[in-house]
Amino acid sequence: MTSPKSDTRVPHAETARGSAEHIQDTITLWLIVKAGRSYYPQGKIHLPIGGTGTWFEPVYFGTPNGCAGHEYMLYVVAADLAANNHFETYVRRRASQGKVRALSDSDGTYPNPPIYASVKVIRKP
């Protein structure tokens, strides 16, 4: 991941950027924001056929009118078919219902895919 950089201050909405090489067809890269013990799938990283290329995708840290000073982790994860389906279901529910409960390790709703890249960021006022 080339942007955002670790330990930088970010606005509510940010564009994450990076590159990937030789990602298998059976893997889908996802951007995940972690706040405390909660995980918020942001969206898939779209790569060209062959799994090599640069990417940029929108990411949201916290709520639009709050969360200044809070720390977040931004992960690029490698989702297999089951994890990809789980994340897609979460994103569809969020789109149709608005606010939905975050995914979590503690209640078993986060599938815990391998992390390919991570950065810690701090929310700007």
Side-chain angles (χ1 to χ4, degrees):
M1 192 169 356
T2 57
S3 177
K5 299 283 187 201
S6 220
D7 295 318
T8 60
R9 294 194 175 273
V10 295
H12 164 66
E14 175 79 9
T15 299
R17 300 175 189 282
S19 61
E21 293 184 8
H22 310 295
I23 302 300
Q24 298 174 3
D25 293 343
T26 57
I27 298 295
T28 303
L29 298 182
W30 276 80
L31 288 165
I32 308 289
V33 169
K34 182 181 181 199
R37 299 182 72 191
S38 299
Y39 296 84
Y40 300 91
Q42 300 294 298
K44 294 179 187 183
I45 292 174
H46 301 282
L47 293 171
I49 294 173
T52 298
T54 58
W55 54 266
F56 60 95
E57 299 292 335
V59 182
Y60 301 92
F61 299 100
T63 59
N65 298 316
C67 305
H70 290 187
E71 290 185 0
Y72 296 89
M73 291 298 298
L74 175 59
Y75 296 128
V76 175
V77 302
D80 62 12
L81 182 59
N84 182 65
N85 289 340
H86 195 75
F87 293 151
E88 285 181 343
T89 299
Y90 174 88
V91 169
R92 277 194 308 274
R93 280 189 21 238
R94 185 179 65 209
S96 68
Q97 299 173 11
K99 189 171 183 171
V100 295
R101 187 172 172 205
L103 304 180
S104 173
D105 287 332
S106 61
D107 65 9
T109 58
Y110 184 67
N112 208 20
I115 298 170
Y116 276 19
S118 65
V119 294
K120 180 183 79 173
V121 297
I122 303 158
R123 174 69 187 275
K124 286 184 195 179

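Computed from heavy atoms alone, side chains included, the values below leave out hydrogens, waters and symmetry copies.
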Is the shortest heavy-atom distance from the side chain of [X] to the side chain of [Y] under 4.5 Å?
X	Y	answer
Glu21	Ile23	no
Phe87	Tyr110	yes
Thr15	Val59	no

Q.
With side chain to side chain contact (heavy atoms under 4.5 Å, CB included) as the criterion, how do Cys67 and Tyr72 come out once you've worked through the C-alpha distance, each side chain's angles and the decisive distance to 0.1 Å?
A. CA-CA 10 Å; Cys67 305; Tyr72 296 89; 3.2 Å; yes
**Q.** Residues Lys120 and Asp7 bridged, charged N to O under 4.0 Å
**A.**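 Answer for the salt bridge query: yes.
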Q.
Check this for me: does any side-chain nitrogen of one of Glu88 and Lys44 sit under 4.0 Å from a carboxylate oxygen of the other?
A.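 Lys44 and Glu88: salt-bridged.
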Q) Ile45 and Tyr116: side chain to side chain contact (heavy atoms under 4.5 Å, CB included), yes or no, with the steps? A) CA-CA 12 Å; Ile45 292 174; Tyr116 276 19; over 6 Å; no
Does [X] reach the main-chain N or O of [Y] with its side chain, forming a donor-acceptor pair under 3.5 Å?
X	Y	answer
Arg123	Phe61	yes
Gln97	Ala95	no
His12	Gly62	yes
Thr8	Pro4	no
Thr109	Ser104	yes
Ser6	Val119	no

What are the two closest non-hydrogen atoms of [X] and [Y], and how far apart are they?
X	Y	value
Ala78	Pro113	O-CB, 3.3 Å
Tyr60	Ala13	CE2-CB, 3.6 Å
Pro125	Ala68	CA-CB, 3.5 Å
Gln42	Pro58	CB-O, 4.3 Å
Gly53	Leu47	O-CD2, 3.9 Å

Q. When Asn84 is tested against each of Thr89, Leu29, Thr28 for side-chain contact (heavy atoms from CB on, under 4.5 Å), which residue passes?
A.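 Option passing the side-chain contact (heavy atoms from CB on, under 4.5 Å) with Asn84: Thr28.
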Q) Between Lys34 and Ser118, does a side chain to side chain contact (heavy atoms under 4.5 Å, CB included) hold up when you go through it step by step? A) CA-CA 10 Å; Lys34 182 181 181 199; Ser118 65; over 6 Å; no
(Q) What's the separation between atom CG in Asn112 and atom CG in Asp105, rounded to the nearest 0.5 Å? (A)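 That separation rounds to 5.5 Å.
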Q) Roughly how far, to the nearest 0.5 Å, is CZ of Phe56 from OG of Ser19? A)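 Answer rounded to 0.5 Å: 13.5 Å.
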Return yes when atom [atom1] of [X] has more than 12 non-hydrogen atoms of other residues, nucleotides or ligands closer than 6.0 Å, and no otherwise.
X	atom1	answer
Arg101	CZ	no
Arg94	CZ	yes
Asn65	CG	no

Q) In the single-linkage hydrophobic clustering (I, L, V, M, F, W, Y; side-chain heavy atoms under 4.5 Å), do Val100 and Leu103 co-cluster? A)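 Yes, same cluster.
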Q.
Please say yes or no: joined through hydrophobic side-chain contacts below 4.5 Å, possibly via intermediate residues, are Val33 and Ile122 part of one cluster?
A.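 No.
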Q | Check against side chain to side chain contact (heavy atoms under 4.5 Å, CB included), His46 and Trp55 | A | CA-CA 7 Å; His46 301 282; Trp55 54 266; over 6 Å; no
